[in-house]
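I have placed the structure first, in the form of structure tokens, so that the comments after it can refer back to it.
We count ligands from 1, going down the list as the structure has it; atoms in each ligand are counted the same way. Here the structure is a predicted model, which is why all the values come from computation and not from measurement.
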Amino acid sequence: MLLAGCAAEGGTPLYLDPQQPVEKRVDDLMKRMTLEEKVAQMAQYVGIEHMKAAEKEMTLEEMKQSHARGFYPNLHSSQLIELTRQGRVGSFLHVVTHEEANLLQSYAMESRLKIPVLIGIDAIHGNGLYRGATLYPTPIGQASTFKPQLVEQASRETALEMRATGTHWAFTPNVEVARDARWGRVGETFGEDPLLVGRMGAATVRGLQGEDFTREDKVLACAKHFIGGSQPVNGINGAPCDISDRTMHEIFLPPFRDCLDAGAFTFMMAHNELNGVPCHTSKYLMQDILRDRWKFDGFIVSDWMDIEQVYERHRTASTLEDAYLQSVKNGMDMHMHGPDFADKVVSLVRRGDIPQSRIDHAARQILTAKFRLGLFENPYIDTRQVAETVFRPEHQQTALEMARKSIVLLKNENNLLPIDRNRYKKILVTGPNADNQTILGDWAFVQPDSCVTTVIEGLRRVSPQTEFDFFPFDTNLRTMEMSRVRQARDRARKADLAIVVVGENSMRYIWQDKTCGENVDRYELSLVGLQQELVEEIYHTGTPTIVVLVNGRPLTTEWIADHIPALIEAWEPGSLGGQAIAEILFGEVNPEAKLPITLPRHSGQIQTYYNHKETSKWFKYGTGKSTPLFEFGYGLSYSFFEFSPVVLSDSQMKENGSLRASVEVTNTSNRPGTEVVQLYIRDCYSSVTRPVKELKDFRKVSLQPGEKQTVTFEITAKELSFYDIDMRYGVEKGEFEVMIGNSSRDVDLQKEKFVVK
Ligand code: BGC
């Protein structure tokens with residue numbers, strides 16, 4: 001019986017027989033594996049090329065000191081090749097060429113059991129660390145589209161590009177609810193609203209994984225970072241997070257739950273501690289919430305050498321070994337990354353400190369993924385197919401479409417936009433972000449010029465008849481020179497119109513220039529360098545001025561919002577971002593994006609999110625305005641839309657019943673346009689304090705000039721439920737307010753009340 005269980009006919013082991021169900025294959029393989037081989041599945045390393053580069057460029061001392069630590073002072077790349085051949089490596093990350101992916105698999109195929117390696121990469125808005133990939137807008141821009149279907153489509157395409165280049169696991173979506181704009185990673189989130197973040201995160205998971213990633217064109221998704229790192233002390237990445245259980249359940253957990261419901265097979269823990277416990281060793285998060293309560297059945301990965309930080313920085317383990325013990329015992333399945341982990345975990349199991357069942361669980365889930373992804377059938381990629389798949393015309397089209405829908409028009413005084421080509425014949429284009437790859441955002445390496453349309457390139461393409469005077473700046477914002485600012489000003493005097501492209505720099509391959517992105521947090525949010533001076537100097541020439549912001553986090557541009565007639569928040573719009581910006585500026589595309597995050601006036605106004613409690617605005621600031629600069633859900637169009645009063649199907653609802661709320665939306669302009677109709681609800685009186693409003697649904701409607709459309713939302717217990725004073729989830733009876741409109745601002749909302757009996 002044992003033999004029959006282990007081998008198919010002809011002596012091929014059962015686990016290598018593709019006709020067998022995955023579960024049986026995993027069972028069979030697990031029976032053959034030693035403890036060391038199982039733990040090896042849990043061990044991840046950085047790609048060998050990555051290591052070789054470090055070995056060439058850095059001294060041993062620098063390696064030890066470097067905080068990025070994408071290499072191992074005690075392990076040479078040639079030794080890692082040996083380990084792979086011995087079946088001692090389960091996964092790699094940051095393998096950035098397809099040739100390397102194939103090579104690593106070939107080493108793995110020399111191992112005793114021929115278990116392929118799982119290769120993960122941060123493909124968070126396209127497979128940006130691969131040279132030549134399609135780059136979509138970064139998630140903050142994706143969220144601005146309010147179009148989850150488009151996010152799903154882009155993620156499907158990302159999966160195709162990843163598989164074509166040999167990677168199988170995208171470390172995305174980042175579904176942290178952004179609550180501190182000083183944090184450099186806001187651009188890789190979907191903003192501040194739990195519902196929007198959850199919908200976009202779930203769409204990403206569906207796009208990447210499909211039904212259950214049992215296909216060769218699918219990849220694993222990874223909901224990250226679990227949890228709370230988006231509200232760190234002082235905005236510092238990895239800093240402690242103190243969040244009440246209530247806020248955790250109301251704000252931070254729901255988007256992760258949405259990803260799980262969409263099938264997310266992996267979760268990544270967060271760098272930070274949560275209420276005094278490092279997330280990487282938290283039984284509460286990994287076991288109690290994820291596995292026991294939510295029935296999560298995939299695997300959990302640590303973040304970049306973060307189990308080590310439990311010992312080195314959090315100091316809740318007095319040895320590295322203890323850190324591994326706490327983490328694995330409490331639910332960690334895979335270690336990102338490095339050589340210290342596996343041997344220590346094997347000893348801990350042998351000593352009886354970590355139960356064998358934990359290792360079995362981890363190995364089983366990781367192997368299940370490898371089987372379902374089809375890696376046992378063929379771990380290699382056909383290098384001839386790469387060019388056909390990567391940066392395909394259809395993918396470029398999606399990236400362009402998404403960029404068009406992600407760019408938010410914030411101000412358009414006297415209809416300066418769209419630009420009148422007959423009136424403004426000579427246009428000065430300037431600013432540090434007018435001609436560089438910061439439009440790609442973080443988690444992208446430098447891309448071939450042929451794959452990127454910068455802002456000036458887009459403008460020239462979209463309006464060939466216009467005379468553009470381009471005055472460039474260096475990409476390093478910190479070293480801008482006043483003499484160049486003045487030269488730009490002098491050029492503005494000779495132009496009919498000026499377009500100034502300013503913002504932030506997220507280019508991770510020139511780390512010292514970055515002002516935004518991972519590990520680049522800030523304590524204030526104004527324009528870095530002399531960008532503000534540049535805008536002011538140009539404005540004071542009297543030449544009509546348009547400001548385009550290219551940035552991955554909210555900036556406090558109060559002066560610009562007050563003085564400059566036209567302002568665009570382009571976020572980081574991706575490979576064809578420059579074209580999309582130009583199309584919007586010249587009116588070939590009508591903007592339709594909305595802010596997924598509130599823009600504060602000042603960095604002292606952090607946490608000015610729209611779904612605040614009423615008392616957050618009890619008193620006004622003594623020395624400045626209390627309103628944010630631009631509200632969540634806000635964004636202009638070249639069309640104008642009118643909303644009728646809200647019509648409710650009933651003024652009463654039973655606790656488990658439903659009712660419908662409708663508005664009629666009319667395009668009152670002479671341009672076709674698209675509006676995001678947003679439904680907010682407030683529980684007027686409740687056993688615990690509730691936000692002044694919460695987004696509960698949204699719908700996009702496209703209307704021809706003069707066209708009307710009735711938009712109806714269904715309101716059920718789901719939209720009204722919350723955690724009551726005893727942390728029971730449900731609806732409380734009483735009065736509710738329904739608000740529908742085209743932003744979260746009260747002036748943009750039609751309101752009506754109903755009662756739950
Ligand atoms: C980041 C993760 C990322 C990992 C691998 C870490 O520094 O926090 O989000 O997935 O690196 O690149």
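Heavy-atom separations between R185 and ligand 1 include at least one value shorter than 4.0 Å.
At most 12 heavy atoms of other shown residues, nucleotides or ligands fall within 6.0 angstrom of atom OH in Y311.
The protein heavy-atom contact nearest to atom 5 (C) of ligand 1 is D122 OD2, 3.1 Å. Of all protein heavy atoms, the one closest to atom 7 (O) of ligand 1 is E518 OE2, 2.5 Å. Of the protein's heavy atoms, D303 OD1, 3.5 Å lies nearest to atom 11 (O) of ligand 1. Closest to atom 9 (O) of ligand 1 among all protein heavy atoms lies H225 NE2, 2.6 Å.
Counting the atoms of ligand 1 from 1 in the order shown, those under 4.0 Å from a heavy atom of H271 are 8 (O). For ligand 1, the atoms lying closer than 4.0 Å to a non-hydrogen atom of K224 are 2 (C), 3 (C), 9 (O), 10 (O). The contact set between ligand 1 and M268, taken as ligand atoms under 4.0 Å from a residue heavy atom, comprises 2 (C), 10 (O). For ligand 1, the atoms sitting less than 4.0 Å from at least one non-hydrogen atom of F171 are 10 (O), numbered in the order shown with element in parentheses.
Residue contacts with ligand 1 for L93 involve side-chain atoms from C-beta outward but no N, CA, C or O (heavy atoms, distance under 4.0 Å).
For F632 and Y609, the gap between ring centers reaches or exceeds 6.0 Å. For F299 and W169, the gap between ring centers is short of 6.0 Å.
Under the side-chain contact (heavy atoms from CB on, under 4.5 Å) rule, L285 has a single partner from V277, L274, N330, which is L274. Considering L103, V386, T167 in turn, V386 is the only one that fulfils the side-chain contact (heavy atoms from CB on, under 4.5 Å) rule with H98.
The closest donor-acceptor contact from the side chain of R522 to the backbone of T515 lies at 3.5 Å or more, if one exists at all.
Looking at E161 and H395, their side chains do bring a donor and an acceptor atom within 3.5 Å of each other.
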